[in-house]
Structures are given as structure tokens and as C-alpha cells.
Amino acid sequence: MSSVKNLFLSVLLVAFAFVFASSVLAAPLTSVTDTPSSLVAGATANHTITFTSATAASVKSVDITFPAGFNIASATLGTYTPVNGEASPVLSVTRQVATITFGTASAAATATYTIVLNGVVNTTTSGNASVTVTTKDASSVTIDGPTASANFLIQPAAISNLTCEPSGQAGAVWLRWTTPVGTSAGYEVKYQQGNSITYDTAPTFTQNWPSGTVGTAQQQLLTGLNPNTQYTFAMKALGGNSSISAVSTLTPSCYAPSSAKAVIDTQAPVTQITFPAMNSTVPVNEPLVIKGSSMDKGGSSVQMVEVSLDNGTTWNKADITLADDGNRIWQYTWARPSAGDQKVLVRASDWMGNVESPVSVTFTVGTVASTGTTPAPSTTPPTAEGTTPTSSGLPYANPVGEEQVRANLAYLQEQLLALLQQLLALLQAQLTQR
């Protein structure tokens with residue numbers, strides 16, 4: 001009986017020693033950091049993770065755990081420099097854990113590892129984030145860690161479509177934009193007299209505007225401006241843990257009105273398609289950038305421009321590239337139109353809910369690849385249904401007022417650019433033939 005008891009105690013002692021040794025073996029890693037190439041919410045970034053081991057044991061694999069919200073499903077292993085002879089690292093991903101397994105193990109105490117993971121999609125929630133790192137041996141037993149990295153701050157995306165329009169109130173303008181990814185704590189708003197702005201030194205407009213729902217349109221009134229004076233505006237989006245975006249990509253200018261408007265906007269915007277030209281031929285197997293301008297003569301301004309590639313069954317939002325008072329210059333990229341005759345519809349809507357009847361352009365997608373030339377724009381732009389084209393090809397044959405003059409100037413700029421591109425292509429072709 002005593003021998004059985006002694007054997008039982010020996011087993012317990014061995015088990016206790018093993019458990020104790022295992023618990024002692026796991027130590028915290030030091031200097032754990034994650035440095036993303038982009039801190040913008042929702043952006044795809046390369047994450048450079050560094051850490052220093054604590055235990056002199058052979059590291060066979062490293063687990064890097066990302067918090068919920070990060071997408072590492074398509075991550076790849078970047079350039080890796082061996083620390084102590086380990087070779088042939090291989091990446092595998094299981095949910096939020098990226099595991100780097102070495103073909104041969106590394107045995108080094110206080111060695112510093114640097115691992116780069118490419119193609120990680122950042123969380124769409126702004127604020128502090130960190131990864132957790134664990135080293136393991138060939139039996140998948142933890143050596144050091146898990147240890148969390150220092151925090152890095154995910155920031156909201158920048159506002160990409162800020163516009164301003166005179167309001168129906170003296171000294172007040174409407175600011176309009178789409179809520180960017182990661183916005184959760186409102187906005188910082190700056191303004192400056194004139195047609196430019198220096199963000200850091202410009203006055204701040206005090207407000208408590210809500211963040212809004214990501215991807216939806218926002219409209220807020222900015223008051224207290226000097227009537228009949230031009231101002232330029234810029235904004236930043238605010239997020240969690242005092243994160244803040246870059247300055248809005250557009251910094252629009254407009255005049256604060258001197259008096260209230262007496263007429264409610266009931267007019268739909270008017271759109272001109274400037275490229276491709278009516279009945280022109282464009283290259284096959286190449287992206288087609290459809291371009292144009294939209295003007296809202298009613299005063300509430302253009303909110304959105306949409307393009308249909310299937311005769312109005314579905315509509316896709318175009319990108320507004322320039323906002324000049326009531327005029328909007330826009331473009332939409334058709335990735336690869338099919339060869340043959342094609343028709344594109346475009347419509348614009350304003351902030352009062354007025355939607356124009358679609359305008360259209362028909363053209364032919366050629367059967368040979370592009371030679372580098374750009375078709376010249378037509379001299380007569382497409383017109384909305386029920387209207388008569390102007391003989392000059394301008395949006396307004398006899399412009400009245402500043403807005404119509406601006407629309408004509410924008411159209412002429414588009415035509416001039418296309419003609420210059422065509423001339424350059426012809427000159428290049430002539431030089432090649434010599």
C-alpha cells in the first residue's frame with residue numbers, strides 16, 4: 001500500500017513540476033508595437049509588428065491576434081529578416097489570428113522580431129486599437145506572451161465631397177457632405193474670408209452637429225457670416241479617443257447672401273455630358289471615364305449625380321470632382337464597356353428633392369484597342385428632354401447671371417482639355433513616324 005502511495009505522490013510531484021515549469025516559461029514579451037501604413041478607418045494597410053522575446057527557447061511560431069473589426073482574411077506575409085537562423089516563414093489565418101510558422105525554429109533570448117503583414121483592412125470604428133502577440137514552440141506550447149502591443153489610433157476618413165451654398169438667410173450658408181467612415185464624435189469646422197483657406201490658422205465655427213450615419217448626406221447651416229462676402233470652408237471628422245481625420249479633400253468657396261431668398265426651389269438641375277461625345281467611338285477593353293457638369297438653377301444646389309449603364313434600371317453615384325457655387329463637375333468610371341453601340345443615362349438631384357429627367361449620350365465602343373488618341377468632344381452637348389439644343393453648343397446660348405456664365409466656362413474648360421489631349425496625341429504620333 002505504501003509503495004502505491006509513494007508512486008501516486010511521485011506522479012503528483014512530476015505533474016506539479018511540469019505545470020510550474022510551464023507557468024514559469026511563459027513571460028511577457030517586451031517592446032511590442034504595431035505600426036500600420038495607414039491609420040484611416042476602413043483603409044487597407046500594411047502592419048509592421050515588432051517585439052522582443054524574453055525566454056531562451058526555440059520559437060517555432062508566432063500568433064498575432066487582431067481585435068474584432070479588422071479583416072485579415074486576405075493578409076499576406078511581407079518581407080521577413082531572420083533573427084537567429086529560423087527560415088521559410090509561412091502565414092496562416094484563422095478568424096482574427098495570423099500565425100507565422102517557421103520552417104526551422106529560432107532559439108534566442110531577448111531577440112527582436114519584425115513581422116510585416118500586408119493587406120490588412122482596418123476596422124471601420126475609429127479609436128485606440130492594439131494587437132496581441134504570442135510565441136510558441138514546436139508543440140504549440142506558449143513560450144512568451146500573450147502580450148498586447150502599444151495602442152495605435154485609428155482615425156476617421158476625410159470628408160471627400162464638402163460643398164457650400166448660399167442659404168435663404170442673410171449671412172448664412174449651407175454646408176453639405178457625406179458622413180465618412182469612422183466618424184462618431186462630430187466635426188471640426190473652419191472658415192476664412194476669400195477664396196482660399198489655411199486650416200490651422202482659420203477661425204473655428206462653434207457647433208454641435210451630429211455625426212450622422214456613415215455614407216449618408218449631411219446638411220448643416222453655418223451662420224454669423226458677413227453678408228455679401230466670399231468665404232472658404234474646410235472640415236475634419238472626429239472619432240473615438242480624440243481621433244481626427246485629415247482636412248476635407250474639397251475646400252469650397254461661396255458668398256454669404258445679403259438677404260433672404262423669397263422663392264422656393266422647385267427646379268430640377270440641368271446636366272451636360274461632356275465626354276464621351278454624342279455618336280463618337282471610344283476604345284474597347286479600356287476603362288471609360290464619363291464626364292460632365294450639373295447646374296441647379298433653383299438655388300438649393302446639386303446634391304447628387306447618378307449614372308445608369310442599363311437604360312435606367314439601376315443607378316450609380318458619380319464622383320463630384322469640382323464644386324464651384326451651383327455648378328458641379330463630375331465623372332464616373334465604367335470599368336470595361338462591351339464592344340458595340342452603348343447608351344448612358346445621367347440625372348442630377350438637388351437638396352429640395354427635385355430630380356431632372358435623365359439626359360443621355362450614345363456612342364460606339366470600338367473593336368480594337370486604343371491608340372492613345374482621345375476623341376474630340378462634340379460641339380453640341382446632350383440636352384434634357386423637352387429642351388432645344390443651343391446652336392453654339394454651350395449650356396446657355398445667351399447666359400444671364402453668374403451661374404449660367406460659370407456653367408458655360410466649365411463646359412468650355414472640358415472641351416479645351418479634350419482638344420489639347422487630342423493635339424498632344426497627334427503630335428506624339430507624328431514624332432513617332434519620323
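No experiment lies behind these values; they were computed from the predicted model shown.
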Applying salt bridge (Lys or Arg N to Asp or Glu O under 4.0 Å), which residue pairs with at least one partner in residues 59-78 are found, sequence neighbours left out? D63-K136

Apply side chain to side chain contact (heavy atoms under 4.5 Å, CB included) to D319 and list each qualifying residue two or more places apart in sequence or on a separate chain. none

Partners meeting side chain to side chain contact (heavy atoms under 4.5 Å, CB included) with T94 (sequence neighbours left out): none

Worked check of side-chain contact (heavy atoms from CB on, under 4.5 Å) between N311 and L345: CA-CA 6 Å; N311 205 34; L345 301 179; 3.9 Å; yes

Hey, are the side chains of [X] and [Y] touching, using non-hydrogen atoms and a 4.5 Å cut-off?
X: T123; Y: P67; answer: no
X: P269; Y: M304; answer: no
X: F363; Y: L288; answer: yes
X: T223; Y: F205; answer: yes

Taking all heavy atoms of [X] and all of [Y], pick out the closest pair and write down the distance.
X: P156; Y: G182; answer: CG-O, 3.6 Å
X: G239; Y: A185; answer: O-CB, 3.8 Å
X: A170; Y: S258; answer: CB-O, 3.6 Å
X: T79; Y: V116; answer: O-CG2, 4.1 Å

Classify the side-chain pair [X]/[Y] by whether it contains a donor and acceptor separated by less than 3.5 Å.
X: T271; Y: S294; answer: yes
X: S308; Y: D310; answer: yes
X: S53; Y: D144; answer: no

Can you list every pair that meets side-chain hydrogen bond (donor to acceptor under 3.5 Å, both in side chains) and has a residue in residues 337-349, with sequence neighbours left out? E306-R347, D341-T364

Taking only residues at least two apart or on different chains, which pairs with a member in residues 36-46 satisfy side-chain hydrogen bond (donor to acceptor under 3.5 Å, both in side chains)? none

Those residues that, when tested against T112, pass side-chain hydrogen bond (donor to acceptor under 3.5 Å, both in side chains) (two or more places apart): T52

With sequence neighbours left out, write down each residue that passes side-chain hydrogen bond (donor to acceptor under 3.5 Å, both in side chains) with T124, or none if nothing qualifies. none

I would like to know whether S196 and T232 meet side chain to side chain donor-acceptor pair (under 3.5 Å); could you show each step before the answer? CA-CA 6 Å; S196 63; T232 300; 5.8 Å; no

What verdict does the side-chain contact (heavy atoms from CB on, under 4.5 Å) test give for E165 and R176, after you've listed the backbone C-alpha separation in whole Å, the side-chain angles of each residue and the deciding distance to 0.1 Å? CA-CA 8 Å; E165 298 295 337; R176 295 167 178 136; 3.3 Å; yes

Going by ring-ring contact (aromatic ring centres under 6.0 Å, His included), name the residues that satisfy it together with F51, two or more places apart in sequence or in a different chain. Y113

Can you list everything that forms a ring-ring contact (aromatic ring centres under 6.0 Å, His included) with W174? Sequence neighbours excluded, please. none

Residue from I64, T35, V62 passing side-chain contact (heavy atoms from CB on, under 4.5 Å) with I49: I64

Which pairs with one or both residues in [range] pass ring-ring contact (aromatic ring centres under 6.0 Å, His included), sequence neighbours excluded?
range: residues 74-104; value: Y80-F102
range: residues 114-141; value: none
range: residues 223-254; value: none

Hey, does the side chain of Q218 reach the backbone of P210 with a donor-acceptor pair shorter than 3.5 angstrom? yes

Main chain of S211, side chain of Y187: is a donor-acceptor contact present, judged purely on distance under 3.5 Å? yes

Going through the checks in order, is the side-chain contact (heavy atoms from CB on, under 4.5 Å) test met by T178 and I159? CA-CA 7 Å; T178 299; I159 297 169; over 6 Å; no

Between I244 and E188, does a side-chain contact (heavy atoms from CB on, under 4.5 Å) hold up when you go through it step by step? CA-CA 9 Å; I244 187 168; E188 182 178 80; 4.0 Å; yes

For the CH2 atom of W177 and the OG1 atom of T249, what is their distance to the nearest 0.5 Å? 14.0 Å

